[in-house]
Number of protein chains: 2
Amino acid sequence: MTLDNANLKKAGLKVTLPRVKILEILEKAKDHHLSAEDVYRVLLESSEDIGLATVYRVLTQFEEAGLVIRHNFEGGHSIFELDHGRHHDHLVCVKCGRVEEFVDPIIEERQQEIANKAGYAITDHSLNIYGICGICQHP
Amino acid sequence: MTLDNANLKKAGLKVTLPRVKILEILEKAKDHHLSAEDVYRVLLESSEDIGLATVYRVLTQFEEAGLVIRHNFEGGHSIFELDHGRHHDHLVCVKCGRVEEFVDPIIEERQQEIANKAGYAITDHSLNIYGICGICQHP
DNA sequence: CTAGTTGCAAATCATTTGCACTTGC
DNA sequence: GCAAGTGCAAATGATTTGCAACTAG
């Protein structure tokens with residue numbers, strides 16, 4: 001499942017070069033979790049004449065349109081990833097910034113139970129495990 | 001268990017008025033989760049002549065000393081709470097801002113397993129469930 | 001054509017830092 | 001007394017916004 005121009009139209013967004021390019025970058029990135037700066041850097045490398053402000057604007061619109069998810073990991077800046085509809089949590093390396101995804105059905109279930117017991121109607125949840133990845137431990 | 005001046009000394013921090021006051025504010029606040037601005041506002045109300053920069057410096061030192069925990073909830077700014085040693089996760093009401101704490105041993109254990117399996121040495125983790133609390137659902 | 005978009009620069013927000021002055025021990 | 005701590009203002013870094021120029025439909 002790939003997000004493309006059709007998704008832009010469906011979201012009521014004009015299919016412009018900056019939007020297409022940014023969608024493409026998020027889609028192709030090795031590590032699918034990028035900061036606005038990361039996206040901007042890739043654009044510069046491709047000699048695209050797109051401003052950082054536009055990157056932020058586009059990412060925010062994509063978020064509102066449900067195309068991307070914004071994460072508030074430790075470290076000040078936001079991280080964006082395409083929303084392919086499959087919920088998952090994150091393992092974040094505090095040293096190199098690597099991000100891995102995981103899903104644990106037991107944890108998901110327990111969370112639901114906890115919220116129910118406390119009388120909360122869950123709207124969202126985020127579980128981030130911070131640590132030092134294998135590569136950073138053995139350089 | 002209350003955190004007080006003794007904890008400051010133990011952390012190698014001089015017992016100064018700003019530090020004592022800020023510790024006191026974190027201790028007394030109804031909702032024990034405050035932003036730096038929140039703390040600063042309370043100080044202003046108490047007519048204390050303490051600058052915002054000092055609030056940030058003190059909170060950061062407290063964090064390094066293990067006296068407080070800094071959370072990166074959604075919304076841009078950091079939230080601080082005293083660290084009474086008992087790890088817990090959070091249920092956050094997206095409507096009224098209420099924050100409730102909880103601990104689930106099974107979730108804790110699964111997280112550890114997941115990190116181990118992925119080769120990560122956990123340094124920290126945060127689990128936040130966002131939802132609408134019972135009170136906000138039935139006004 | 002024209003409402004939606006963009007680039008750039010200036011503005012904002014949260015947080016940090018440089019520096020001369022003050023205070024705890 | 002002196003290193004640690006503080007206030008203030010200026011500096012930062014991330015993100016946002018005003019506005020005139022531009023472009024997709």
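Chain letters run A, B, ... following the sequence lines, proteins first and then strands; every chain starts at 1. Only this structure's heavy atoms are used, side chains among them; waters, hydrogens and symmetry mates stay out. All figures in this text were calculated on a predicted structure; none of them were measured in a lab.
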- prompt: Between residues 29-39 of chain B and DNA chain D, which residues have a heavy-atom gap below 4.0 Å?
  reply: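 The stretch gives none, as no residue of it lies under 4.0 Å from the strand.
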
- request: Using heavy atoms and a sub-4.0 Å distance, could you list which residues of residues 4-11 of chain A are near DNA chain D? By number, please.
  value: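 Of all residues in residues 4-11 of chain A, none places a heavy atom under 4.0 Å from DNA chain D.
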
To the nearest angstrom, how far is [X] atom [atom1] from [N] atom [atom2]?
X: A:Ile22; N: C:dT6; atom1: CD1; atom2: P; answer: 8 Å
X: B:Lys21; N: D:dG5; atom1: NZ; atom2: C1'; answer: 18 Å
X: B:Glu48; N: D:dG5; atom1: CD; atom2: C1'; answer: 16 Å
X: A:Tyr40; N: D:dA14; atom1: OH; atom2: C1'; answer: 14 Å
X: B:Leu17; N: C:dG24; atom1: CG; atom2: C1'; answer: 12 Å
X: A:Leu52; N: C:dA11; atom1: CG; atom2: P; answer: 18 Å
X: B:Gln61; N: C:dT17; atom1: CD; atom2: C1'; answer: 13 Å
X: B:Asn72; N: C:dA14; atom1: CG; atom2: P; answer: 14 Å

field: Polar contact flag, side-chain donor to acceptor under 3.5 angstrom, B:Glu101-B:His87
entry: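 Side chains of B:Glu101 and B:His87: no pair found under 3.5 Å.
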
- request: Give a yes or no on whether the ring-centroid distance for A:His33 and A:Phe73 is below 6.0 angstrom.
  value: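 No - the distance between ring centres of A:His33 and A:Phe73 does not fall below the 6.0 Å cut-off.
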
message: Before we go on, tell me: are the rings of A:His84 and A:His32 under 6.0 Å apart, centre to centre?
response: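 Between A:His32 and A:His84, which both carry aromatic rings, the centre distance is not below 6.0 Å.
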
- prompt: For atom CG of B:Leu17, is the number of surrounding heavy atoms from other residues, nucleotides or ligands below 6.0 Å larger than 12?
  reply: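 Above 12, so yes.
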
query: Got a sec: does the CD1 of A:Ile135 have more than 12 other heavy atoms crowding it under 6.0 Å?
result: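 Check fails, neighbour count at 12 or below.
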
Does [N] have OP1 or OP2 sitting under 4.0 Å from an N or O in the side chain of [X]?
X: B:Thr60; N: C:dT15; result: no
X: B:Tyr56; N: C:dT15; result: yes
X: A:Arg19; N: C:dT6; result: yes

- prompt: Considering only heavy atoms from C-beta outward, does the side chain of A:Glu64 approach that of A:Thr60 to under 4.5 Å?
  reply: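 Counting from C-beta outward, A:Glu64 and A:Thr60 do come under 4.5 Å.
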
message: Is there a side-chain contact between B:Val15 and B:Lys9 in this structure, where contact means two heavy atoms from C-beta onward sitting under 4.5 Å apart?
response: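 In short, these two side chains touch, coming nearer than 4.5 Å.
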
Quick one: which of [options] gets closest to the side chain of [X]?
X: B:Ala53; options: C:dT6, D:dT6, C:dT16; answer: C:dT16
X: A:Lys14; options: C:dT6, D:dA4, D:dG25; answer: D:dG25
X: A:Thr54; options: C:dG7, D:dT6, C:dG24; answer: C:dG7

base_contact_polar (C:dG7 base, A:Arg57 side chain, donor-acceptor, <3.5 Å):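 Pair found.
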
- prompt: Starting at the 5' end of DNA chain C and moving along, which residue's nearest nucleotide shows up first, A:Ile50 or B:His77?
  reply: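 Looking at the nearest nucleotide for each, A:Ile50 comes out on the 5' side.
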
Nearest-0.5 Å distance, CG of residue A:Asp4 to NZ of residue A:Lys10: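 A:Asp4 atom CG to A:Lys10 atom NZ measures 8.5 Å (nearest 0.5 Å).
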
message: Regarding A:Glu24 and A:Lys28, does a basic nitrogen lie under 4.0 Å from an acidic carboxylate oxygen?
response: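 A salt bridge is present here (some side-chain N lies under 4.0 Å from a carboxylate O).
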
- request: Output, in order, the C-alpha distance, side-chain angles, deciding distance and verdict of side chain to side chain contact (heavy atoms under 4.5 Å, CB included) for A:Leu67 and A:Asn7.
  value: CA-CA 8 Å; A:Leu67 299 177; A:Asn7 298 86; 3.9 Å; yes

